[in-house]
Amino acid sequence: MTQSPTPTSLGLGSASKGSTAGAKLKILVVGATGFLGAKILRNLAQDENATVLAMSRKGAPSGDVAGVEWVRGDMMDPASLDRALQGVDVVVSSANSYMKGSLDTDFQGNKNLIEAAARAKVSRFVFLSIVSSEAASKVPHFHAKKVAEDLIKTSGVPYVIVRAPSFLDQSTDYIAKAVKGGKFQGMGDKTTRWSYVLTDDLAAYLAKAATYRGSEIVNQTIDVGWSDGPKNQQELAEIISSVINRRLKIQIIPWWILRVAARPVKLFSELGYDLIQMFLFFKTGLYVSNTARQERFFGPAPTARDAITRWARGQQLIS
């Protein structure tokens, strides 16, 4: 019979918050109402040795994950964070606000959360960041992640930073929508490579970072991606075509259109400008994951074909 993990057995320091041997690990997920956050919750809820809390400004959403307790908290309200973090051993944060047209959460909200985690003396802070964010100061939401990384490192809170590349899938899956119409729609050119991750895999990695046994994962920054490396738009389209056994028409929006559009778009859409700057950063060739630590802590990275096959099945592109 195996013993339930405690903060001590997981390398999370002394059994804080009054935890005793056999006590469950108390994990708070911030960003739990998002597309990725819901997947993180499902992964953690399967761990019988964890008590899973999910933070929301409005309480439990519809379609709540079984086995999850919802607590109220707002990243822009430090007092609410202190209440939500009471007794918590591990924080997992995938929160962001840039897709909602604001960077408040990405800057001030992350600062508030980090400071609250330090006050609560949490034993591990798992933070979702972005590959190569230190080289992308012109991309507002990438830069926000680097600022948060630096705040975490100076806070004294034990951390695990998981750095993700481009998501293969989104809550509104534009790639799948185009593929269903016989097209692959890409950005830039057919030769520049950058890294990808499937959000099902990313959620599993973040959950593993929260419950990983042993202190060797503490204060690590871990890139995630595919074992066979970054892919260009031509390669990605060809793998998808092979998996679904259907020839796709490739349509690419060239870099020059993005460059020309950046300034006028900024006048009416900060989000649009942010996304254009993100794609222009891809052109540098720096948006590439080093999966060495991923393999060490989370197990073998999938190949592009494996991830794309699972994505295609989930999107009912194949049976």
Side-chain angles (χ1 to χ4, degrees), residues 7 12 16-17 25-45 47 50-61 63-65 67-100 102-130 133 141 144-153 155 157-164 167 171 199 202-212 222:
L12 297 175
S16 59
K17 322 295 187 292
L25 197 67
K26 196 169 183 179
I27 303 173
L28 175 69
V29 178
V30 180
T33 58
F35 173 65
L36 178 62
K39 295 185 179 189
I40 298 168
L41 286 180
R42 286 194 287 273
N43 275 271
L44 288 171
D47 190 332
T51 297
V52 184
L53 308 177
M55 193 177 86
S56 168
R57 289 178 297 170
K58 301 177 181 179
D64 183 18
V65 177
V68 173
E69 177 186 346
W70 287 84
V71 297
R72 289 185 181 272
D74 185 337
M75 289 179 68
M76 301 304 290
D77 178 0
S80 75
L81 295 176
D82 289 336
R83 291 190 293 270
L85 282 160
Q86 287 181 5
V88 167
D89 297 301
V90 180
V91 174
V92 181
S93 179
S94 63
N96 71 72
S97 63
Y98 85 97
M99 288 300 291
K100 299 173 184 177
S102 168
L103 286 170
D104 290 346
T105 295
D106 302 75
F107 284 103
Q108 187 62 47
N110 277 329
K111 182 175 184 292
N112 292 342
L113 180 63
I114 294 161
E115 290 173 350
R119 289 193 296 272
K121 294 181 170 58
V122 301
S123 299
R124 186 178 294 174
F125 190 113
V126 179
F127 181 71
L128 175 62
S129 189
I130 298 174
S133 57
H141 78 279
K145 292 293 188 181
K146 179 59 172 63
V147 169
E149 285 188 15
D150 291 342
L151 289 172
I152 292 167
K153 291 174 182 178
S155 71
V157 176
Y159 64 84
V160 182
I161 294 170
V162 177
R163 285 181 145 196
F167 290 6
S171 54
T199 57
L202 179 57
Y205 302 147
L206 290 160
K208 287 179 180 179
T211 60
Y212 185 91
I222 306 169

To the nearest 0.5 Å, tell me how far [X] [atom1] sits from [Y] [atom2].
| X | Y | atom1 | atom2 | value |
| --- | --- | --- | --- | --- |
| W70 | T33 | CH2 | OG1 | 6.0 Å |
| L53 | L28 | CG | CG | 5.5 Å |
| S93 | I114 | OG | CD1 | 8.5 Å |
| D82 | E115 | CG | CD | 10.0 Å |
| L113 | F127 | CG | CZ | 8.5 Å |
| R163 | L202 | CZ | CG | 14.0 Å |

Say whether, by atom type as modelled, one donor and one acceptor occur between the side chain of [X] and the main chain of [Y] under 3.5 angstrom.
| X | Y | result |
| --- | --- | --- |
| N112 | P78 | no |
| N43 | K39 | yes |
| D89 | K26 | yes |
| R72 | R83 | no |
| T199 | L36 | no |

Given F125 and V30, is the side-chain contact (heavy atoms from CB on, under 4.5 Å) satisfied, shown in steps? CA-CA 11 Å; F125 190 113; V30 180; over 6 Å; no
Would you say [X] and [Y] make side-chain contact, with heavy atoms under 4.5 Å?
| X | Y | result |
| --- | --- | --- |
| N96 | H141 | no |
| T211 | L44 | yes |
| E149 | S133 | yes |
| K153 | I161 | yes |
| I27 | D47 | no |
| M75 | M55 | yes |

Give me the atom names and distance for the closest heavy-atom approach of [X] to [Y].
| X | Y | answer |
| --- | --- | --- |
| A116 | L85 | CB-CD1, 3.4 Å |
| A54 | A32 | CB-CB, 3.6 Å |
| V68 | A45 | CG2-CB, 4.2 Å |
| A209 | V160 | CB-CG1, 4.0 Å |
| P158 | S123 | CB-O, 3.3 Å |

Is there a side-chain contact (heavy atoms from CB on, under 4.5 Å) between R57 and D77 once you walk through the steps? CA-CA 10 Å; R57 289 178 297 170; D77 178 0; over 6 Å; no
